[in-house]
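Notes to accompany the following structure.
In what follows, chains are A, B, ... by sequence order, proteins preceding strands, each numbered from 1.
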There are 2 protein chains.
Amino acid sequence: MADIKELEAMRLLLDLLSDKWTVPILAALCAGGGKQRFNAIRREVPPISQKSLVTCLKRLEMNGLIQRHVLTTGELAVEYRMTPLGHTLDEPVGALLSWSWKHEREVRKAQQEYFSRTEAADDKSGSSTARALPLRLVGR
Amino acid sequence: MADIKELEAMRLLLDLLSDKWTVPILAALCAGGGKQRFNAIRREVPPISQKSLVTCLKRLEMNGLIQRHVLTTGELAVEYRMTPLGHTLDEPVGALLSWSWKHEREVRKAQQEYFSRTEAADDKSGSSTARALPLRLVGR
DNA sequence: CCGTATCCCACGAGATACTG
DNA sequence: CAGTATCTCGTGGGATACGG
């Protein structure tokens with residue numbers, strides 16, 4: 001899987017993709033043929049907040065994956081366009097997506113089994129006291 | 001890039017990989033032939049804290065990507081082993097790594113240009129007032 | 001329409017101390 | 001050796017209000 005020092009470069013990409021909205025935003029851009037206006041993206045990626053959208057777009061722009069264009073029609077209009085570099089994301093994102101589809105079921109099954117095991121282990125004191133709070137889980 | 005609703009499944013994988021240490025831990029496991037003991041991992045992945053290591057390992061275990069084995073030698077010894085499912089991560093992780101290697105320079109260059117532009121725009125009031133605080137950024 | 005500015009909370013993660 | 005328990009801090013992200 002590569003040496004442990006060589007992984008550093010990956011942080012850049014991982015930090016870029018791992019937030020809540022960036023990938024959906026990229027998808028929205030692609031859906032628009034590689035370009036979309038601010039609120040158009042917002043409508044396609046609900047329920048994203050303005051703030052988050054701005055943040056994600058700015059980060060993508062800073063890293064050269066999209067470009068911001070102020071349109072010169074009468075009213076204020078801004079269009080965001082995928083750059084060639086941005087389009088190269090399709091490969092790694094595709095790999096992530098592909099893996100997710102292939103193995104989603106296995107993961108869910110593993111989760112089930114894990115909880116069966118730990119629940120059984122926790123039932124040392126007889127019965128169940130309304131297992132309520134602690135279950136927010138498994139990958140966020 | 002796939003429809004926007006179909007991306008949900010990816011969150012599982014993204015949340016799994018996107019934290020600070022999980023990928024290095026996986027690399028350490030691979031380096032050990034798919035299995036390693038707790039502190040062996042810790043030594044190979046510095047400077048990870050105990051707490052973070054425990055957290056990452058538990059999450060990987062919960063999702064069926066590694067398994068925890070208590071060794072039955074005299075003293076306390078725990079070994080973590082990649083499962084077959086865990087090994088399938090090699091593909092998406094490889095894709096991320098590959099992209100990072102290929103495009104790292106382009107990204108850094110884009111960052112440079114972005115800052116050149118914004119610095120220039122900020123220099124409206126004549127000279128420079130020790131640009132100190134705001135610069136921590138570009139992908140975290 | 002396209003943002004910026006605040007306030008607020010939840011969570012990842014380091015430091016540190018303690019247990020089987 | 002292999003963890004658990006606390007404290008603390010920084011940052012992501014929602015809600016809301018305001019500005020160009």
Distance-only side-chain donor-acceptor flag, T55(B) / S52(B), under 3.5 Å: no
Produce the list of close N/O pairs, under 3.5 Å, pairing protein atoms with atoms of nucleotides 18-20 of chain D; give distances to one decimal.
none

Sugar-phosphate only, base, or nothing, as touched by R68(B) at under 4.0 Å among non-hydrogen atoms: sugar-phosphate
Non-hydrogen side-chain atoms of Q67(B) and H69(B) separated by less than 4.5 Å: yes
SB check E79(B) R81(B) (cutoff 4.0 Å): yes
More than 12 heavy atoms of other groups within 6.0 Å of E113(B) CD: yes
Qualifying residue, where the test is side chain to side chain contact (heavy atoms under 4.5 Å, CB included) with E106(B) and the options are E104(B), K109(B), H103(B): H103(B)
Side-chain N or O of R37(B) closer than 4.0 Å to phosphate OP1/OP2 of dA2(D): yes
Under 4.0 angstrom between Y80(B) side-chain N/O and dG3(D) OP1 or OP2: yes
Of residues 51-58 of chain A, the positions that come close to DNA chain D - non-hydrogen atoms, cut-off under 4.0 Å: K51(A), S52(A)
D15(B) and R59(B) ion-paired at < 4.0 Å: no
Check: V23(B) and L97(B) side chains under 4.5 Å, non-hydrogen atoms: no
Stem list, DNA chain D (Watson-Crick or G-U pairing under 3.5 Å, at least 3 consecutive pairs): C:3-20 with D:1-18
